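Keep in mind that what you see is a predicted model, and the values were worked out from it rather than measured. Every chain is numbered from 1, with letters handed out A, B, ... down the list of sequences.
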Number of protein chains: 2
Amino acid sequence: MDEIYIEEFKKGTVLFQQGDSPTACYFVLKGCVRQYSIDVEGREVTSNFYTEEQAIAVFDHKPDKISNYTFICVEDSVMVVGDLNTEKDMYNKHPQLESMTRKMIEADFAKIQEEFAAFIAASPEERFRLLQLKRPTLIDRVPQHQLASYLGMTPESLSRIKKRINQLNS
Amino acid sequence: MDEIYIEEFKKGTVLFQQGDSPTACYFVLKGCVRQYSIDVEGREVTSNFYTEEQAIAVFDHKPDKISNYTFICVEDSVMVVGDLNTEKDMYNKHPQLESMTRKMIEADFAKIQEEFAAFIAASPEERFRLLQLKRPTLIDRVPQHQLASYLGMTPESLSRIKKRINQLNS
DNA sequence: GTATGATCTTGACTTAAGTCAATGCGCGTT
DNA sequence: AACGCGCATTGACTTAAGTCAAGATCATAC
């Protein structure tokens, strides 16, 4: 199948831009990709970080196929790349593939819904603690101001929260 | 097709409980259903309200099929009910159906992702204002303490925010 | 290796939301 | 109609996060 291949990306590479129609989907083998958008006030809002064994953007098919998000590598990364143009053909050729992707999306949907619920109920500090539990390595892999945005707080608050927690643990 | 039918539910009816395996999926024709879960600290966290023309729980298929949420009618409601046990048969009989549900889920996934991003970036007051714009009628349809939980704030804060905003508008 | 700019931290201060407690209101029940 | 209960509002106070501004630190390019 030449529609699926493995590709390396340098840190800083943009997979696709807010406003573009994505032409491919990705699966992270190594590295880290940040998903963000620019909101109405011009602020950058980071909505996710994709790391090893996570799929990107398969589910970002809006009706008009235009993405609200930019995806950018925050580390040198290696990804499986799947061409979206041949997606329909693939489904026709392999009906089980559609069933498989549906199940993947359902699982991811359940996961984002759970994260959302946890996020709603938590204070900024609790959100940081949750991240420490769920994705401990992420905290040291990405720029702190982007992490702050991902956690829905200011960089200053994140800095203070980390300090507060470290003092308790020492 | 006797696997799909229309049913009326009285206010207070529980569609299924946290911990249960859902046996049906629903589409709201009239009324309002609240989705919530009890978190580790025993607090009730409302994660959604489903109203007219919204589908429920089609996407809540976790691998083990057990729901983390309770769904309860907050109004007398009329819904289309689809039996989940026959789901697989239906897909086999009508392959296009799988394609259709996949697209629906993708659309809903994109929507929840967007809501999540908006929520992250917003303060409690901004979240209330967003709700006023996006779902203005919901505010007067549901109990305020549940709405507060849905917006990630205390009932007291919601009350004050509403007061604050009404004073500006008068 | 140094310089430059970005990012992270820290400090002082403001503000909005949380907490706790009391009161008021609405609603359903009897 | 009156009672009782749950819910909503209000008040006083605390606290955590936001804001603004100044340094410190880090990284990247030259």
Side-chain angles (χ1 to χ4, degrees), chain A residues 10-14 31-32 34 36 38-39 41-46 49 72-76 118-132 138-170, chain B residues 10-13 32 34 36 38-39 41-46 49 72-76 118-132 138-170:
Chain A
K10 281 258 165 270
K11 175 176 173 175
T13 305
V14 172
C32 182
R34 177 170 72 107
Y36 72 93
I38 307 295
D39 73 6
E41 280 107 36
R43 291 176 304 178
E44 210 178 74
V45 180
T46 296
F49 292 99
I72 184 170
C73 302
V74 297
E75 294 175 354
D76 292 348
F119 196 93
I120 282 176
S123 67
E125 177 167 342
E126 288 166 333
R127 298 201 288 264
F128 178 76
R129 288 179 187 277
L130 273 175
L131 192 70
Q132 276 189 316
L138 192 64
I139 294 167
D140 297 315
R141 282 176 78 172
V142 304
Q144 297 300 289
H145 69 284
Q146 293 171 5
L147 192 67
S149 158
Y150 174 56
L151 291 173
M153 65 180 80
T154 61
E156 294 97 320
S157 288
L158 176 57
S159 177
R160 280 183 246 268
I161 285 169
K162 284 198 297 179
K163 195 181 170 189
R164 210 152 64 208
I165 290 177
N166 285 333
Q167 281 173 348
L168 294 178
N169 294 348
S170 62
Chain B
K10 282 259 166 269
K11 175 176 171 177
T13 305
C32 182
R34 176 170 73 106
Y36 72 91
I38 308 295
D39 73 6
E41 280 106 36
R43 292 177 304 180
E44 211 178 73
V45 180
T46 296
F49 292 100
I72 184 170
C73 302
V74 297
E75 293 176 355
D76 290 349
F119 196 94
I120 281 175
S123 67
E125 176 166 343
E126 288 166 334
R127 299 202 287 262
F128 178 77
R129 288 179 188 278
L130 273 174
L131 192 69
Q132 276 189 315
L138 192 64
I139 294 167
D140 297 314
R141 283 176 78 174
V142 303
Q144 297 301 290
H145 69 284
Q146 292 170 6
L147 192 68
S149 158
Y150 174 56
L151 291 173
M153 64 180 81
T154 62
E156 294 98 320
S157 288
L158 176 57
S159 178
R160 281 183 244 268
I161 285 170
K162 283 197 299 179
K163 196 181 170 190
R164 210 151 66 208
I165 290 178
N166 285 333
Q167 282 173 348
L168 294 177
N169 294 349
S170 62

Restricting to nitrogen or oxygen on both sides, can you table the protein-nucleotides 23-25 of chain C pairs closer than 3.5 Å?
none

For this session: Using a cut-off of strictly less than 4.0 Å, decide whether A:His145 has a side-chain nitrogen or oxygen near OP1 or OP2 of C:dC8.
Result: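 For C:dC8, OP1/OP2 do have a side-chain N/O of A:His145 under 4.0 Å.
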Exercise. Does A:Lys162 have a side-chain nitrogen or oxygen under 4.0 Å from the phosphate oxygens OP1 or OP2 of C:dC8?
Worked result: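 No, outside the criterion.
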Figure out the [atom1]/[atom2] separation between [X] and [N], and round it to whole Å.
X        : N      : atom1 : atom2 : result
A:Arg164 : C:dT10 : CZ    : P     : 13 Å
A:Met153 : C:dT9  : CE    : P     : 13 Å
B:Glu156 : C:dC20 : CD    : C1'   : 8 Å
A:Arg160 : C:dT7  : CZ    : P     : 18 Å

Exercise. Ignoring hydrogens and geometry, is there a side-chain-to-backbone donor-acceptor pair from A:Asp76 to A:Lys10 under 3.5 Å?
Worked result: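 Not confirmed, A:Asp76 side chain does not pair with A:Lys10 backbone.
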Problem set entry | Check: A:Ser149 side chain, A:Thr46 main-chain N or O, donor-acceptor pair, under 3.5 Å |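 Answer holds: yes.
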Exercise. Between B:Asn166 and B:Lys163, does a side chain to side chain contact (heavy atoms under 4.5 Å, CB included) hold up when you go through it step by step?
Worked result: CA-CA 5 Å; B:Asn166 285 333; B:Lys163 196 181 170 190; 5.9 Å; no
Exercise. Listed by chain and number, what are the side-chain hydrogen bond (donor to acceptor under 3.5 Å, both in side chains) partners of B:Thr13, not counting sequence neighbours?
Worked result: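 Scan of B:Thr13 (side-chain hydrogen bond (donor to acceptor under 3.5 Å, both in side chains), adjacent residues dropped) gives none.
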Problem set entry | Contact interval (first through last nucleotide) of DNA chain D with protein chain B, 4.0 Å heavy-atom |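 So the contact region on DNA chain D extends D:dC7 to D:dA12.
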For this session: Would you mind reporting whether B:Tyr150 and B:Arg34 have side-chain heavy atoms less than 4.5 Å apart?
Result: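 Side chain of B:Arg34 against side chain of B:Tyr150, heavy atoms only: no contact under 4.5 Å found.
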For this session: Using a 4.5 Å cut-off on heavy atoms from C-beta on, say whether the side chain of A:Phe119 contacts that of A:Leu130.
Result: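 The answer is no, as the side chains (C-beta and beyond) never meet within the 4.5 Å cut-off.
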Problem set entry | Rounded (10°) bend between the five-pair end axes of the helix from C:dT9-D:dA22 to C:dT30-D:dA1 |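 Roughly 50° between the end axes, to the nearest 10°.
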For this session: Identify, between B:Lys11 and B:Gly152, the residue whose nearest nucleotide on DNA chain C lies closer to the 5' end.
Result: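 Closest to the 5' end, via its nearest nucleotide, is B:Gly152.
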Exercise. So which heavy atom on B:Glu125 is nearest to which on B:Ile165, and how close?
Worked result: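 Minimum heavy-atom contact is OE2-CG1, 4.3 Å.
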For this session: Please name the pair of heavy atoms, one in A:Cys32 and one in A:Leu138, separated by the smallest distance, quoted to 0.1 Å.
Result: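 Scanning both residues completely, I find the closest heavy atoms to be SG-CD1, 4.4 Å.
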Problem set entry | All salt bridge (charged side-chain N to carboxylate O under 4.0 Å, His left out) counterparts of B:Glu75, not counting sequence neighbours |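 Testing B:Glu75 for salt bridge (charged side-chain N to carboxylate O under 4.0 Å, His left out), a comparison that skips the adjacent residues, returns B:Arg141.
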Problem set entry | Spacing of B:Ile120 atom CD1 and A:Ile120 atom CD1 [to the nearest 0.5 Å] |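 Output value for this atom pair is 11.0 Å.
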For this session: With sequence neighbours left out, write down each residue that passes side-chain contact (heavy atoms from CB on, under 4.5 Å) with A:Gln144, or none if nothing qualifies.
Result: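 Scan of A:Gln144 (side-chain contact (heavy atoms from CB on, under 4.5 Å), adjacent residues dropped) gives A:Leu147, A:Leu158, A:Lys162.
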Exercise. So what does B:Pro124 hit on the nucleic acid, given a heavy-atom distance under 4.0 Å: a base, only sugar-phosphate, or nothing?
Worked result: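 Sugar-phosphate, backbone atoms only, no base.
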